[in-house]
Amino acid sequence: MTATATLTRHAPDNADSRVVDWVDSIAELTQPDRIVWCDGSAAERQRLLDEAVAAGTLIRLNPEKRPNSYLARSNPSDVARVESRTFICSEREDDAGPTNNWAAPAEMRVTLTGLFRGAMRGRTMYVMPFSMGPVGSPLARLGVQVTDSPYVVLSTGTMTRMGADALAQIGPRTEWVPAVHSVGAPLQPGDADVAWPCNETKYIVHYPETREIWSYGSAYGGNAILAKKAFALRIASKIGEQEGWLAAHMLLLKVTNPSGRAFHVAAGFPSACGKTNFAMLKPSMPGWTVETIGDDIAWMAPGPDGRLRAINPEAGFFGVAPGTGHSTNPTAIATVQSDTIFTNVALTDDGDVWWEGLTEETPSHLVDWLGRDWTPDSEAPAAHPNSRFTVSADLCPSIADTWDDPAGVPIDAVIFGGRRATNVPLVAQARSWEHGVYIGATLASERTAAAEGTLGELRRDPFAMLPFSGTHMADHWQHWLTVGERLGRSGQAPLIFQVNWFRRGEDGRFLWPGFSENSRALAWMTERIEGRADAVDSPFGLVPVDGAIDYAAAGVSREDWDALFAIEPEALSAEADDTDVFLARMGAKVPAAVMRQHAEFRARL
Ligand code: GDP
Ligand code: PGA
Ligand code: MN
Ligand code: MN
């Protein structure tokens with residue numbers, strides 16, 4: 001009997017034999033020193049936290065300032081998702097489409113087997129069974145991730161329902177997604193470890209047909225918490241296409257108007273474009289309330305009643321820290337008061353955290369995300385622009401009591417948005433589901449720090465899914481059209497809208513105050529659903545009539561309001577030309593409906 005086989009006997013008695021065999025085979029390949037099956041208990045979490053502090057991976061924050069909270073500083077090269085190292089390895093290249101990196105699965109398996117051989121030597125392999133969605137919900141799905149990173153175990157423990165309850169769901173006929181993760185930094189006997197092990201070589205690989213995930217070389221959330229982007233978006237978008245449901249990069253919220261009527265909204269914005277903030281919105285309008293259901297991912301399926309029903313498959317928030325402050329997002333500030341892991345933010349002299357935008361006053365001395373002394377004179381920001389907080393959803397004061405309803409919530413509106421300095425109006429309603437799919441398909445946004453790449457550069461990010469689609473992007477569009485037709489037959493398709501909080505004036509400042517004032521656009525959308533608000537047609541769709549939104553109450557001048565909806569024919573026609581190029585690049589699979597909508601957009605200019 002090999003040493004590895006001895007170790008796997010620590011599997012819980014009720015573990016399905018396929019899971020045990022799979023864990024065994026990964027251990028055989030990666031050669032960890034130890035195997036730990038995670039039960040998801042509080043005691044296990046505390047033990048891992050204590051070990052991570054002892055190892056230097058986590059810094060315990062001052063418990064009087066920030067109870068049960070920790071700071072992690074990553075390797076400076078491991079701070080964001082690596083889209084250039086992310087692969088969709090479908091059998092046929094055409095099923096991955098022009099927006100994904102592709103490699104033949106057989107070749108990729110050879111490459112990865114080479115990299116993973118012995119990759120966990122000197123380390124512990126943790127086995128994490130998890131459920132995406134409330135355990136036992138008809139919309140939930142199961143997975144098992146192995147990892148050699150305690151930081152990834154702690155993060156997964158917050159972001160998913162991880163542990164014994166999920167394992168108990170896996171029987172001989174249950175489908176579960178296997179996910180293998182290694183930081184790619186084996187230790188030889190006597191080697192000292194580093195605080196944040198990782199490897200310069202990185203691979204984030206998905207096999208959509210066999211529903212497997214392999215990730216190597218990074219411990220950054222989006223690359224390593226495989227339940228999240230890899231499973232709940234990339235693999236799930238493939239499963240959803242096969243089974244008739246939608247995996248979307250969307251927040252979910254519940255908004256209630258002053259007469260007590262509630263609406264549920266799903267909104268897709270690219271990474272670092274305002275999902276978490278919108279999900280936790282504190283309306284500036286009296287009498288309105290917003291409650292949070294999810295902040296990043298929605299799984300939506302036509303329900304037995306013919307309506308689109310959505311769950312948040314996650315259990316926590318992996319939020320952008322910079323820009324999150326008392327005035328912009330007090331709800332997030334309250335959420336991270338305790339029991340939070342912060343990554344790559346700055347450390348204050350009294351053992352608390354700080355980042356740009358947290359307070360109006362900048363502390364006179366900090367230790368920056370790289371561990372260096374920092375003062376307001378320092379040139380670089382104290383917190384990395386993509387620094388993050390990881391916290392449980394149930395600590396969020398605005399969490400809806402239906403957030404983990406196994407049946408999901410009925411969706412009334414779908415919103416698309418991005419960061420657009422020009423062209424795109426504050427808010428517009430799509431004329432039809434088909435027009436809405438066109439808006440989603442041609443969505444563009446300025447690049448953010450959430451992934452490697454040039455900040456600010458405008459790029460197409462269809463459905464805010466560019467980095468997250470496990471299929472051909474045009475197949476994704478067709479799938480949305482098909483689901484919309486089905487919902488339309490029962491007359492219950494949600495309305496679709498587009499928003500843009502980021503339009504700028506000629507002087508470069510944002511024309512719209514954003515944050516809590518976004519409630520004014522949201523309120524107008526609910527009034528459209530109720531048939532109470534008027535709109536006028538524009539090339540972008542239906543926009544509010546004069547007086548439908550009280551911009552003055554938001555502190556916006558008439559001039560700026562007009563600029564938020566200004567149509568600049570030359571710039572728009574240049575954008576339409578760019579859309580031609582983009583659609584041509586998507587190839588022959590682009591649905592006729594999208595081409596028809598594009599022709600109509602041109603005709604309306
Ligand atoms: P997510 O990554 O899509 O969840 O985006 P976040 O909600 O974390 O926001 C990303 C960044 O955009 C943060 O720095 C926010 O402060 C900023 N942001 C969010 N909403 C708005 C808004 O309405 N207006 C402006 N100007 N910035 C915003
Ligand atoms: P975000 O999530 O959308 O909140 O930025 C992380 C990501 O998309 O990488
Ligand atoms: Mn995201
Ligand atoms: Mn977010």
Side-chain angles (χ1 to χ4, degrees), residues 79-83 86 155 159 204 218 220-225 228-230 232-234 248-253 267-282 284 292 294-298 312 314 316-333 335-336 343 345 355-358 381 383-391 393 396 415-421 426-427 445-453 455 461 464-468 499-505 508-522 554 564:
V79 295
R81 284 182 291 98
V82 284
E83 294 178 5
T86 301
S155 305
M159 297 304 297
I204 322 295
S218 169
Y220 171 75
N223 300 326
I225 307 169
K228 188 172 170 63
K229 303 299 189 178
L233 289 175
R234 300 194 190 100
H249 188 206
M250 291 184 177
L251 67 93
L252 291 168
L253 65 76
F269 315 153
S271 303
C273 290
K275 289 183 301 302
T276 301
N277 276 269
F278 196 48
M280 297 180 181
L281 179 79
K282 257 209 163 116
S284 58
T292 310
D295 84 325
D296 196 46
I297 300 176
N312 168 14
E314 303 189 275
F317 306 127
F318 178 60
V320 176
T324 307
H326 294 278
S327 58
T328 56
N329 191 350
T331 307
I333 295 297
T335 309
V336 302
T343 304
V345 301
W355 51 79
E356 279 70 20
L358 174 62
H384 187 276
N386 192 39
S387 52
R388 297 266 171 173
F389 55 80
T390 310
V391 65
C396 175
I415 307 176
F416 294 108
R419 267 178 200 269
R420 293 298 308 268
L426 178 72
V427 58
S445 191
E446 290 142 24
R447 295 181 78 125
T448 67
E452 44 171 6
L455 286 188
D461 193 344
M465 283 288 279
L466 182 75
F468 307 122
V499 300
N500 176 23
W501 316 139
F502 299 94
R503 194 149 173 175
R504 292 180 192 263
R509 102 207 117 83
F510 289 122
L511 290 166
W512 180 248
F515 302 105
S516 63
E517 298 300 354
N518 295 337
S519 57
R520 297 182 192 279
L522 183 60
L564 280 163

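In each ligand, atom 1 is the first atom listed, and ligand 1 is the first ligand listed. Below, all heavy atoms of this structure are taken into account, side chains as well, without hydrogens, waters or symmetry copies.
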Please determine if D461 and R447 form a salt bridge, counting it only when a charged side-chain N lies under 4.0 Å from a carboxylate O. no
Hey, does L253 have a side-chain heavy atom less than 4.5 Å from the side chain of L522? yes
Quick check: does any side chain N or O of W355 sit under 3.5 Å from a backbone N or O of A383, one acting as donor and the other as acceptor? no
Those residues at least two apart in sequence (or on a different chain) that pass salt bridge (charged side-chain N to carboxylate O under 4.0 Å, His left out) with R520 are E517
Select all protein residues for which some heavy-atom-to-ligand 1 distance is less than 4.0 Å, and list them by chain and number. P270, S271, A272, C273, G274, K275, T276, N277, V320, P322, G323, R419, W501, F502, F510, G514, F515, N518
With a 4.5 Å heavy-atom cut-off, do E83 and F468 have their side chains touching? no
Axial cation check for F269 ring with K275, 6.0 Å and 45° limits: no
Protein residues near ligand 2, heavy-atom distance below 4.0 Å? R81, K229, H249, S271, A272, K275, D296, R388, F468
Would a distance-only check, ignoring hydrogens and angles, find a side-chain to backbone donor-acceptor pair under 3.5 Å from N223 to A80? yes
Show the nearest heavy-atom pair for residues C273 and T448, with the distance to one decimal. SG-CG2, 4.1 Å
Between T292 and A279 (side chain of the first, backbone of the second, donor and acceptor by atom type, cut-off under 3.5 Å), is there such a pair? yes
Tally of protein N/O/S atoms under 2.8 Å from the Mn ion (ligand 4)? 1
Go through the steps for R388 and F317 under the test side chain to side chain contact (heavy atoms under 4.5 Å, CB included), then give the verdict. CA-CA 9 Å; R388 297 266 171 173; F317 306 127; over 6 Å; no
Taking the side chain as every heavy atom from C-beta outward, state whether V79 and N386 have any atom pair closer than 4.5 Å. no
Just checking, is any N or O donor in the side chain of T86 or R234 under 3.5 Å from an acceptor N or O on the other one? no
To the nearest 0.5 Å, atom NE2 of H249 lies from atom CD1 of I297 at 6.5 Å
